[in-house]
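Here's the structure, in structure tokens; my notes come after.
Just so we're on the same page: letters track the sequence lines, and every chain starts at 1.
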Amino acid sequence: MSRYDPATLEPKWQAAWDEAGTFLATRSADKPKYYVLEMFPYPSGRIHIGHVRNYTMGDVIARYKLANGFNVLHPMGFDAFGMPAENAAMASGGHPADWTYQNIDTMVAQMKPLGFGLDWTRMFATCDPEYYGQQQALFLDFLEKGLVYRKNAVVNWDPVDMTVLANEQVIDGKGWRSGAEVERRELTQWFFRISDFSGELLDALDRLDDWPAKVKLMQANWIGRSRGLQFAFGLVEPTRGHDRVEVYTTRPDTLLGASFVGISPDHPIAKELEAHDPKVAEFCALARKGGTTEEAIEKAEKLGFDTGLRVRHPFDTAWELPVYIANFILMDYGTGAIFGCPAHDQRDLDFARKYHLPVISTFVPLRGEHVTPEDGGAAYVPPKSETVRWTLPFAWDEEATGETAIEAAIAFCESKGVGHGVTKFRLRDWGLSRQRYWGCPIPVVHCADCGVVPEKKENLPVELPKDVGFDVPGNPLDRHPTWRDTPCPRCGKPAKRETDTMDTFVDSSWYFARFTAPHAATPTDMAEAAYWMNVDQYIGGIEHAILHLLYSRFFARAMQICGHLPEKSIEPFDALFTQGMVTHAIYQTRDEAGRPVYHFPEEVELRDGKAFLKDGTEAEIIPSAKMSKSKKNVVDPVNIIETYGADTARWFVLSDSPPERDVEWTAAGAEATNKHLARVHRIATDIAASTEEGSPEADEALLREMHKTIFDVTNGIESFGFNAAIAKLYAFTNTLQKSQAGSAAKRSAMKTLAQLMSPMTPHLAEEIWAMLGGAGLVANAPWPKADEAMLVSDTVTLPIQINGKRRSEITVPRDAAKEEVEKIALADDAVVKALAGGQPKKLIVVPGRIVNVVV
RNA sequence: GCGGGCGUGAUGGAAUGGUAGACAUAUCGGACUUAAAAUCCGUGGGCCGUCAGGCCGUGUGGGUUCGAGUCCCACCGCCCGCACCA
């Protein structure tokens with residue numbers, strides 16, 4: 001008798017699928033299409049158990065849809081540009097391209113043994129000139145349609161290395177290599193006009209029915225539509241060409257609580273003052289210290305500088321307010337200037353207290369204790385929908401909500417000629433310029449005579465030069481004269497290429513469209529895109545909830561405008577699923593200095609819930625941490641496949657934990673999974689050899705369970721409840737093993753079990769299918785259908801609650817009338833005892849669910 | 001700091017507002033075996049009880065409801081994102 005041996009069985013079936021071309025995506029009119037896509041990986045070097053989980057989920061869907069008669073597109077590629085390749089080149093020489101392509105080869109070799117049903121013929125990497133050349137073509141089309149432009153924006157500047165730093169390269173406000181304090185510096189950069197689509201991107205969220213609500217909420221908050229008042233404070237004394245400060249506020253109702261005006265250090269007035277006043281320049285330099293992230297700016301100490309300028313309050317020309325330059329005001333949002341109302345904004349209150357500015361409450365709660373900020377309380381910031389008592393209303397009732405007051409304030413201000421109501425969005429334009437080598441070159445040329453000139457499409461791709469070095473900081477393209485110097489595409493005179501490359505988010509914003517025609521001579525092939533788009537199911541990490549998904553939604557719109565996608569693809573992802581991470585315990589000891597030392601799971605032995613190193617030292621176990629190389633709590637899928645096989649890895653990452661939540665990888669769990677699969681194999685082998693007769697009752701009972709299992713597993717897969725589906729498969733395996741049914745019924749049940757398992761453990765399923773004489777490949781066999789008649793039984797068991805606590809249960813006919821159920825329930829011993837001869841206060845019967853007797 | 005999410009036995013987790021702990025893992029007990037492994041059967045939230053059964057129990061504290069793990073409010077802890085990590 002053969003035993004379960006994944007090492008021979010898995011390559012055998014993979015070869016069979018390859019030979020049959022089972023997973024090649026083919027376009028045909030006779031079948032509906034289904035496009036399932038997992039977010040493609042960055043080629044870091046090795047695949048990670050988290051990748052296994054992500055791609056297994058996609059594969060379950062792909063295989064399930066194939067069995068349901070769809071033409072399935074399930075492709076794979078690599079998000080291959082980015083900083084790690086340059087870092088590797090800096091650290092150990094070599095070229096980013098070599099490092100990247102070697103990593104891709106390694107990862108493909110690691111992924112193939114997992115038996116994913118992928119169409120590998122469509123694979124590409126975003127660093128392939130064929131791909132990024134088409135991306136450059138897209139850029140030129142966007143440029144022509146006015147979807148790209150140039151403007152100044154701030155970057156992290158390392159004043160020692162004289163280079164731009166990514167946010168992750170700024171650690172505690174200092175450059176990661178130089179250790180120098182980082183400054184925010186302005187640079188001219190390319191931008192996509194995503195903010196022109198703010199309203200549309202926000203409104204369209206409502207139509208994304210199969211997206212998680214949390215993702216839609218995060219995007220809505222990120223886009224951030226706000227209604228407010230834009231108006232100007234007149235300067236008491238005009239200065240250097242400025243006579244007013246334009247501000248935007250979402251709280252015009254608190255105008256009478258204004259105590260100062262704040263402007264960004266990058267505001268035109270601040271810059272004007274900076275140029276002529278060393279003290280202002282000194283402060284602005286201080287205010288520009290630190291990284292560019294909103295987090296860094298929000299957490300930094302709030303600093304202000306009194307410019308000495310004064311503005312008049314729009315309602316009262318005698319009321320003068322000071323103008324401060326403040327480090328927490330962003331030039332990118334609104335007008336780069338605000339008015340501070342300390343009583344109703346904690347940040348403004350902190351600022352006012354620091355600089356001894358007045359605090360004026362304009363409203364208080366309707367009732368309850370309240371310490372006003374004037375008396376040392378916190379800023380009072382209730383939800384705008386809450387009704388409050390106004391101490392300083394100017395166009396509405398004493399009792400009103402913030403919402404009412406804001407609208408009334410805007411109307412009042414407009415009638416007085418003080419500004420106008422406007423709708424603004426928090427979403428900023430997308431800066432795509434990167435001062436780096438390993439990215440898609442921006443295909444424009446800077447000509448002294450013609451200005452910025454797009455490269456001609458026939459000259460695409462503008463390929464990255466190979467002969468570059470990374471021994472000095474900065475962008476090697478900048479110091480590569482033969483690549484940089486090029487004739488102007490328009491006038492032919494000597495000119496210079498743009499040396500900035502594109503943000504890697506650009507690469508990942510349209511790869512899903514490229515998969516529909518990966519080798520087309522244009523960015524997409526409209527016939528292919530029209531057939532395969534949209535992505536029916538997109539799967540990836542929640543960390544991409546905002547940026548990647550928002551940028552992709554923008555690109556789909558922009559590509560549609562340029563004729564590269566059909567109209568229906570304006571929202572490219574019909575359904576989205578965000579999966580959790582795979583975590584693992586960290587094993588940690590400490591060195592003489594008390595610093596932590598980490599150990600790989602393979603280096604420790606677990607005894608009685610404790611971890612020991614080979615030399616007997618006990619290691620501390622830190623449970624369930626996100627896998628990271630530096631903490632050494634990583635599990636290499638290659639080891640798992642070698643020890644247990646791909647099916648074990650696939651089954652384990654899907655079982656136990658719900659897909660949207662994190663899953664803890666444990667060696668014991670993997671071993672137990674392997675034992676279970678061996679058991680299924682053994683049961684199948686026994687059934688294949690058996691010729692026993694069974695009782696009709698046992699046959700019937702087994703088939704009923706089988707249909708229930710078909711129903712539950714199908715539902716589980718459809719609703720991403722893979723863990724629940726697997727629990728049902730365990731339960732059915734137990735039933736099948738214990739069943740006294742005859743061999744014919746058992747063979748039928750076993751074949752169905754193999755089919756139901758095939759999306760998760762495809763190799764074992766094929767083996768069993770073949771063993772029991774199934775026709776063709778189980779991968780192509782039509783998905784089993786549950787027989788509705790087999791799902792219902794004649795009676796149901798209802799729990800009886802007395803005062804909400806379960807006390808008894810009754811069995812009644814499935815279609816029993818409510819009155820009949822009440823009668824049976826009232827006759828129940830426990831109920832009779834509880835009532836003690838009296839009448840129930842209330843009797844609740846939920847048909848088919850529960851009975852609750854209130855006494 | 002701001003936005004979003006999560007929290008259930010020893011462990012991973014199940015549960016359209018309706019029997020909390022399905023299914024699995026660890027543990028313990030038993031069968032088989034000269035023995036071990038493998039396999040099979042059982043046990044498997046806490047406390048009390050000989051049994052029948054009872055009381056408590058879903059991060060903490062309140063609330064809504066006939067009924068709350070699920071809905072609402074506050075708090076605690078952890079995770080994700082914050083526009084140049086991918």
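Partners of A:Tyr55 by ring-ring contact (aromatic ring centres under 6.0 Å, His included), not counting sequence neighbours, listed by chain and number: A:His51. In this structure A:Asp196 satisfies the salt bridge (charged side-chain N to carboxylate O under 4.0 Å, His left out) test with no other residue, sequence neighbours excluded. Take A:Phe78 and apply the ring-ring contact (aromatic ring centres under 6.0 Å, His included) test, not counting sequence neighbours, and it matches no residue. Scanning for salt bridge (charged side-chain N to carboxylate O under 4.0 Å, His left out) contacts around A:Glu718 gives an empty result, with sequence neighbours left out. Qualifying ring-ring contact (aromatic ring centres under 6.0 Å, His included) partners for A:Phe81, counting only residues two or more places apart in sequence or in other chains: A:Tyr132, A:Trp438. Applying the salt bridge (charged side-chain N to carboxylate O under 4.0 Å, His left out) test to A:Glu294 and every residue at least two apart in sequence or in another chain returns A:Arg426. With sequence neighbours excluded, the residues that form a salt bridge (charged side-chain N to carboxylate O under 4.0 Å, His left out) with A:Arg806 are A:Glu809.
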Listing time: all N or O pairs from protein to nucleotides 21-25 of chain B that are below 3.5 Å?
unit_1: B:A24; atom_1: OP1; unit_2: A:Asn734; atom_2: ND2; d: 2.9

Polar atom pairs (N or O), protein with nucleotides 84-86 of chain B, under 3.5 Å:
unit_1: B:C84; atom_1: OP2; unit_2: A:Arg434; atom_2: NH2; d: 2.8
unit_1: B:C84; atom_1: O4'; unit_2: A:Arg434; atom_2: NE; d: 3.1
unit_1: B:C84; atom_1: O4'; unit_2: A:Arg434; atom_2: NH2; d: 3.2
unit_1: B:C84; atom_1: O3'; unit_2: A:Asn167; atom_2: N; d: 3.3
unit_1: B:C84; atom_1: O2'; unit_2: A:Asn167; atom_2: N; d: 2.6
unit_1: B:C84; atom_1: O2'; unit_2: A:Asn167; atom_2: OD1; d: 3.4
unit_1: B:C84; atom_1: O2; unit_2: A:Arg436; atom_2: NH2; d: 2.1
unit_1: B:C84; atom_1: N4; unit_2: A:Gln189; atom_2: OE1; d: 3.4
unit_1: B:C84; atom_1: N4; unit_2: A:Gln189; atom_2: NE2; d: 3.4
unit_1: B:C84; atom_1: N4; unit_2: A:Ser433; atom_2: O; d: 3.4
unit_1: B:C84; atom_1: N4; unit_2: A:Gln435; atom_2: OE1; d: 2.9
unit_1: B:C85; atom_1: OP2; unit_2: A:Asn167; atom_2: N; d: 3.3
unit_1: B:C85; atom_1: OP2; unit_2: A:Glu168; atom_2: N; d: 2.9
unit_1: B:C85; atom_1: O4'; unit_2: A:Glu168; atom_2: OE1; d: 3.1
unit_1: B:A86; atom_1: OP1; unit_2: A:Met83; atom_2: N; d: 3.1
unit_1: B:A86; atom_1: OP2; unit_2: A:Thr504; atom_2: OG1; d: 3.3
unit_1: B:A86; atom_1: O3'; unit_2: A:Asp79; atom_2: OD2; d: 2.9

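Here salt bridge (Lys or Arg N to Asp or Glu O under 4.0 Å) pairs that include residues 845-855 of chain A, with residues two or more places apart or in two chains, number zero. The salt bridge (Lys or Arg N to Asp or Glu O under 4.0 Å) pairs that include a residue from residues 150-159 of chain A number zero, where partners must be two or more places apart or lie in different chains.
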Problem - Bracket string, RNA chain B, 5' to 3' - pairs by Watson-Crick or G-U geometry under 3.5 Å, | interstrand - result: (((((((..(((.....[....)))..((((.......))))..((((....))))..(((((..]....))))))))))))....
